[in-house]
Amino acid sequence: MAAPATVPTNPAIEPEFEQAVQEITTTIEPFLAVHPEYRKALEIVQIPERVIQFRVTWERDDGSVAVNRGYRVQFNSALGPYKGGLRLHPTVNLSVLKFLGFEQIFKNALTGLSMGGGKGGSDFNPKGKSDAEIRRFCYAFMLELSRHIGADTDIPAGDIGTGAREIGYMFGAYKRYRNEFAGILTGKGDDWGGSHIRPEATGYGLIYYVTEMLRDLDNTDWNGKRVIISGSGNVAQFAALKVLELGGTVISFSDSTGSLISADGQGFTVDDIAAIADVKLKRQALTEFDHSGRFEWHEGKRPWTLFESADVALPCATQNEVSEEEAEGLVKAGVRYVAEGSNMGCTQEAIDVFEATRTKIQDAANTEGICWYAPGKAANCGGVAVSGLEMGQNSQRLKWAAEEVDAKLKDIMVNCYTNCRETGKTYVKDSAVPSLVAGANIAGFEKTARAMKQQGDWW
Ligand code: NDP
């Protein structure tokens with residue numbers, strides 16, 4: 001009998017990373033019970049192949065010098081070159097980036113494309129900075145990062161704080177430093193190597209994933225569904241637009257200052273979402289969106305407990321944005337589906353609340369009271385999937401039509417969902433409804449660990 005995997009992490013200094021490791025470790029146990037030889041792989045996969053930390057000095061508009069910490073975690077390259085976003089946010093530290101990079105390994109495996117896992121960023125806060133300051137920061141950041149990435153090595157992308165503008169500056173910096181026009185970043189501009197549908201991909205992909213859940217559990221679709229969304233950035237906006245297109249109603253948005261809700265249930269229109277996108281492009285608070293009294297503003301609140309009833313909840317802001325109490329509130333409000341657009345949107349305690357509603361169901365014909373949970377590493381993999389498609393187009397020096405990319409995205413999300421569901425069914429027999437969190441973790445882990453073994457990372 002193989003020894004149980006040790007957990008070489010330190011919760012005192014890396015709480016987010018420890019949380020991500022614990023989630024994987026617990027949920028893949030049924031798989032390890034059948035395949036104990038994979039315990040060694042679990043121990044090995046927790047340690048990044050490489051962590052790069054560096055200093056970023058840049059010039060403020062007043063001529064003074066500012067300094068930030070820069071990082072790139074090259075976590076796992078078993079399935080392809082390192083791939084994962086760059087986060088620019090004051091909360092960025094090694095624990096956060098290791099958690100994101102770790103999750104990214106399994107997420108990328110679930111897309112079915114050839115991508116390893118990585119993540120990077122800086123504790124630089126883009127809020128309140130001028131355009132020139134952002135440009136100077138991006139150039140300074142890329143000065144060091146450019147030594148470590150490459151079209152066949154590591155291909156970063158956007159994340160919180162890194163949008164189209166920042167990707168443009170970073171790409172321009174790399175091109176100048178290396179005299180090389182190469183596919184070293186994804187999320188590039190439409191006219192210089194970007195893919196159609198990349199901005200939309202995470203939000204659209206999330207909705208395609210939940211579409212499959214709706215069909216399987218209730219034989220239903222988005223028509224008439226009331227959807228609570230948190231966040232008001234890239235993922236939230238495009239998820240909301242797709243919900244509207246498919247006949248649902250979006251009843252909330254939020255940001256780091258509070259939540260805007262549609263108390264009368266009328267919901268946000270396409271024009272409202274365009275106006276919110278404008279506000280967010282200027283990096284302003286949601287309160288700057290002129291809603292003419294049609295919506296209620298809840299200062300400092302998240303949206304989860306602000307409704308008496310709803311059908312679907314989509315966390316699309318940041319990690320740990322749904323607590324145990326908020327999860328209980330969602331269940332009480334009759335929400336039947338929770339799917340994460342954000343990475344690790346729910347705390348472990350919140351996931352336990354959702355999973356407990358699932359394990360109560362022993363008869364597929366009676367699923368009353370369930371609140372079926374889909375983890376971010378599966379439900380939000382559409383973003384990195386289209387990044388993978390952008391890499392493919394760059395290699396071919398071709399650009400596919402938007403319809404073609406969207407159709408491929410849909411296929412990837414349907415396959416990802418089916419893989420999670422079937423793997424969950426195979427290994428976890430605790431309910432008539434499969435655990436998508438166990439299914440996602442086992443499927444992503446098994447694929448990665450198998451490739452690591454074949455490449456001699458463990459034996
Ligand atoms: P954006 O920067 O576009 O938007 C982030 C949103 O979340 C903003 O509304 C922001 O509010 C809010 N937010 C950020 N931090 C907090 C906080 N601590 N508390 C409350 N609200 C917060 O990012 P994205 O939409 O791109 O990303 C959202 C989530 O989705 C992240 O977890 C990201 O990792 C994940 N994700 C993104 C992908 C992508 O393709 N963009 C791919 C896969 C996952 P404010 O404006 O006030 O800062």
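Note that ligands are numbered from 1 as they come in the structure, with each ligand's atoms numbered from 1 the same way. Just so it is clear, the structure is predicted and the values come from calculations on it, not from any experiment.
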ask   = With the threshold set at 4.0 Å, does a side-chain nitrogen-carboxylate oxygen contact exist between E321 and R302?
value = no

Among non-hydrogen protein atoms, atom 32 (O) of ligand 1 lies closest to N343 N, 3.2 Å

- Query: Do the ring centers of Y417 and Y208 come within less than 6.0 Å of each other?
  - Reply: no

Does a salt bridge link E166 with R283, judged by any charged N lying under 4.0 Å from a carboxylate O? yes

Item checked: Aromatic ring proximity F268/F253, centre distance under 6.0 Å -> yes

A student checking ligand 1 against S342 at a 4.0 Å heavy-atom cut-off should list atoms 29 (C), 30 (O), 32 (O), 35 (C)

**Asked** With the threshold set at 4.0 Å, does a side-chain nitrogen-carboxylate oxygen contact exist between R294 and D264?
**Response** no

Exactly one candidate in Q19, Q348, E349 meets side-chain hydrogen bond (donor to acceptor under 3.5 Å, both in side chains) with N320; the answer is Q19

Counting heavy atoms under 4.0 Å, the part of C316 that contacts ligand 1 is backbone

Notebook entry, point to check: Does a side-chain N-to-carboxylate-O contact under 4.0 Å join R421 and D216?
Noted result: yes

Closer than 4.0 angstrom, basic N to acidic O: yes or no for R450 and E446?
yes

Under-4.0 Å salt bridge between D255 and K280
yes

Within the distance-only criterion (no hydrogens, no angle test), does the side chain of S435 pair as donor or acceptor with the backbone N or O of A438 below 3.5 angstrom? yes

Of all protein heavy atoms, the one nearest atom 23 (O) of ligand 1 is I160 CG1, 3.6 Å

With heavy atoms and a 4.0 Å threshold, my read on which part of R198 contacts ligand 1 is side chain

Are K225 and D311 within salt-bridge range, i.e. N to O under 4.0 Å? no

heavy-atom search around atom 20 (C) of ligand 1 in the protein gives S256 CA, 3.6 Å

Near R87 (heavy-atom distance under 4.0 Å), the atoms of ligand 1 are 31 (C), 32 (O), 33 (C), 34 (O)

Side chain Q46, main chain V21, donor-acceptor under 3.5 Å = no

re atom 48 (O) of ligand 1, the protein heavy-atom contact at minimum distance is K127 NZ, 2.9 Å

The protein heavy atom nearest to atom 24 (P) of ligand 1 is V235 CG2, 3.8 Å

the protein heavy atom lying closest to atom 40 (O) of ligand 1 turns out to be T202 OG1, 2.6 Å

Any heavy atom of T257 sitting closer than 4.0 Å to ligand 1? no

At under 4.0 Å between heavy atoms, what of S254 touches ligand 1? The answer is backbone

So for R302 against ligand 1, with non-hydrogen atoms under 4.0 Å, the contacting part is neither

Any non-hydrogen atom of Q237 lying under 4.0 Å from ligand 1? no

Among non-hydrogen protein atoms, atom 33 (C) of ligand 1 lies closest to D159 OD1, 3.4 Å

So for Q319 against ligand 1, with non-hydrogen atoms under 4.0 Å, the contacting part is neither

Note: ligand 1 atoms sitting under 4.0 Å from heavy atoms of K280 are 45 (P), 46 (O), 47 (O)

Looking only at side chains, do K377 and N343 share a donor and an acceptor under 3.5 Å apart?
no

Of all protein heavy atoms, the one nearest atom 4 (O) of ligand 1 is G233 CA, 3.3 Å

Closest to atom 29 (C) of ligand 1 by heavy-atom distance, out of G345, A317, G231, is A317

Under 4.0 Å from one or more heavy atoms of S232, ligand 1 contributes atoms 9 (O)

Filtering D255, V386, N234 for the heavy atom nearest atom 3 (O) of ligand 1 leaves N234

Touching ligand 1 at all, G161? Heavy atoms, strictly under 4.0 Å?
yes

